[in-house]
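Start at 1 and go down the list; that is how both ligands and their atoms are numbered.
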Amino acid sequence: MSEFKKVAGLTGMKDTLPPESASWETLEALVRDWLAGYGYQNMRTPVLEHTRLFTRGIGEVTDIVEKEMYSFVDSLNEDRLTMRPEFTAGIVRSAIEHNFLYDRPRRIYAMGPVFRHERPQRGRYRQFHQIDVEALGFPGPDVDAELIIMLARLWRLLGLADIRLELNSLGQAAERAAHRAALIEHLEKHVDVLDEEARRRMHTNPLRVLDTKNPAMQAMANSAPRLFDFLGAESLAHYQGLCARLDDAGITYTLNPRLVRGLDYYNLTVFEWVTDRLGAQGTVCGGGRYDGLIELLGGKAAPAVGFAIGMERLLDLWQQDGAAPTPAECQVYLVHQGEAGQRQAARLAEALRDAGLRALVHAGSTGFKSQFRRADASGAEAAVIIGGDELAAGAATVKWLRRDAADAAQQESVAFEQLAHHLKQRI
Ligand code: ATP
Ligand code: MG
């Protein structure tokens, strides 16, 4: 035994091992196909960015920037860096830096880990994964609707029912300013029920105060002036344009006038998809329009809209339905005896792979019994046996592992040169 005291992984940062990792890969492949169906293209940005990108892009007075970011000073050059807590700011930074919006609007997606220092619990981790989709340069509401219709398709593809859509409109800056004044007045009137965080935020980010989960503040939040009631004709028309397209697509939604979302950059459309099947962390996807962000981050003004899906929560739902597949390790498991048998099995396995089959050659223990146990545990459809008799006959014994024991064709002899073709026809 080594003297080294073993090191555990970090709190809130999960390892994903087989077979669960196979569900992740299946989900990722399905998501890429789904996105391709709508013409979304992949963009890969670094995990690390300058801290000021997020403080500016997400907003100083937000949960993320106030208390959730993994930030540090680079010991080599003193840069202040942050591990991305979300994708949007990095994608917008990159689009500006590469003049990517110069000639035309873009449909972009990214998928991967993001980092937030939160209290870990079911559906809430410190490293988690997002599917992030951004439509850059489109004023909407047609593209707002496209994003939501796309999401409804994803839930259908995954066989997920009971995820409901909540919508709101945050209007434009002038409308938010008028509402803000009325809201601050309301908060000041109810200052006795506000918790410490709410008091701190009531003048800097009063809208966020309404997003509270504190039960003692619900009555105050419910009676607060609603931003939706401050919307002018243009904002309302945008909202109604979105609703009309959702109606066309047969998508049901509810207006939730208290929906504000945890980031500062949103205007007009905001939405969340929520479920009751994930306990307290019921939001699977959140998104909205952020027409001011590109300019705020130093680019030429352009409208944009996007969303992020929490992949752990999505997978949790998928697994609850028992629909998340856990593919077998291989389709064919080759067992063998002696060095000549092992070498023949290895050659045959290559031929099987040429035919597009997933094949695994046993390695390690030599006894037939333990080899068969492994073959069975691998989930393979068939075991291929290469022992002394098979070598002499130039034909493998094929044993079907998942078929009825009464099936007479359970075991058969197949010439080596026929094996790949034979198995390919039957698997
Ligand atoms: P919440 O209200 O749950 O904190 P949020 O508003 O902070 O969510 P967003 O920034 O909108 O979340 O992120 C988009 C999605 O990412 C969420 O809807 C959720 O599914 C997922 N998500 C957010 N934080 C976490 C986390 N700590 N662990 C796992 N998934 C998360
Ligand atoms: Mg959060």
- Message: Tell me the contacting part of E272 for ligand 1: side chain, backbone, both, or neither, using a 4.0 Å heavy-atom threshold, strictly below.
- Response: neither
- Under 4.0 Å from a heavy atom of A308: give me the atoms of ligand 1 that qualify, with their elements. 14 (C), 15 (C)
- Query: Quick one: do E66 and R200 make a salt bridge, cutoff under 4.0 Å?
  - Reply: yes
- Among I131, T283, D63, which one has a heavy atom closest to atom 20 (O) of ligand 1? T283
- Query: Going by the order shown, which atoms of ligand 1 are within less than 4.0 Å of some heavy atom of Q130?
  - Reply: 13 (O), 14 (C), 15 (C), 16 (O)
Counting only pairs under 3.5 Å, give me each side-chain donor-acceptor contact of residues 178-186, with atom names and distances, residues two or more places apart or in other chains.
{"from": "H179", "atom 1": "NE2", "to": "P225", "atom 2": "O", "distance (Å)": "2.8"}
{"from": "H179", "atom 1": "NE2", "to": "L227", "atom 2": "N", "distance (Å)": "3.3"}
{"from": "R180", "atom 1": "NH2", "to": "H203", "atom 2": "O", "distance (Å)": "2.6"}
{"from": "H186", "atom 1": "NE2", "to": "M220", "atom 2": "O", "distance (Å)": "2.9"}

- Message: Need the ligand 1 atom indices (1-based, order shown) with element for anything under 4.0 Å from a heavy-atom of K213.
- Response: 2 (O)
- Message: I need the atoms of ligand 1 closer than 4.0 Å to a non-hydrogen atom of E118, numbered in the order shown.
- Response: 24 (N), 25 (C), 26 (C), 27 (N)
- Message: Can you confirm whether the side chains of N222 and R258 place a donor and an acceptor under 3.5 Å from each other?
- Response: yes
Identify each donor-acceptor pair in which a side-chain atom of residues 366-373 lies under 3.5 Å from a protein atom, sequence neighbours left out, and give them as a table.
{"from": "S370", "atom 1": "OG", "to": "S365", "atom 2": "OG", "distance (Å)": "2.8"}
{"from": "S370", "atom 1": "OG", "to": "G367", "atom 2": "O", "distance (Å)": "3.4"}
{"from": "Q371", "atom 1": "OE1", "to": "H336", "atom 2": "N", "distance (Å)": "3.1"}
{"from": "Q371", "atom 1": "NE2", "to": "H336", "atom 2": "O", "distance (Å)": "2.8"}
{"from": "Q371", "atom 1": "NE2", "to": "T366", "atom 2": "O", "distance (Å)": "2.8"}

- Between R313 and ligand 1, which residue portion shows a heavy-atom distance shorter than 4.0 Å: side chain, backbone, both, or neither? side chain
- Query: Would you find a donor on one side and an acceptor on the other, under 3.5 Å apart, between the side chain of D79 and the backbone of L81?
  - Reply: no
- Message: Under 4.0 Å from a heavy atom of R116: which atoms of ligand 1 are those, numbered in the order shown and with their elements?
- Response: 5 (P), 7 (O), 9 (P), 10 (O), 12 (O), 13 (O), 23 (C), 24 (N)
- Is V284 close to ligand 1, meaning an N/O of one under 3.5 Å from an N/O of the other? yes
- Task: Let me see the working for D63 and R208 under salt bridge (Lys or Arg N to Asp or Glu O under 4.0 Å), right down to the final yes or no.
- Result: CA-CA 9 Å; D63 283 348; R208 289 283 294 140; 3.1 Å; yes
- Should the proximity of Q121 to ligand 1, defined as any heavy atom under 4.0 Å, be assigned to the side chain, the backbone, both, or neither? neither
- Query: Side chains of Q281 and Y125: do they bring a donor and an acceptor to under 3.5 Å?
  - Reply: no
- Message: Classify the ring geometry of Y70 against F115: parallel below 30°, tilted from 30° to 60°, perpendicular beyond 60°.
- Response: perpendicular
- Note on the structure: A student comparing W273, F128, Y125, F87 should find that the heavy atom closest to atom 24 (N) of ligand 1 comes from F128
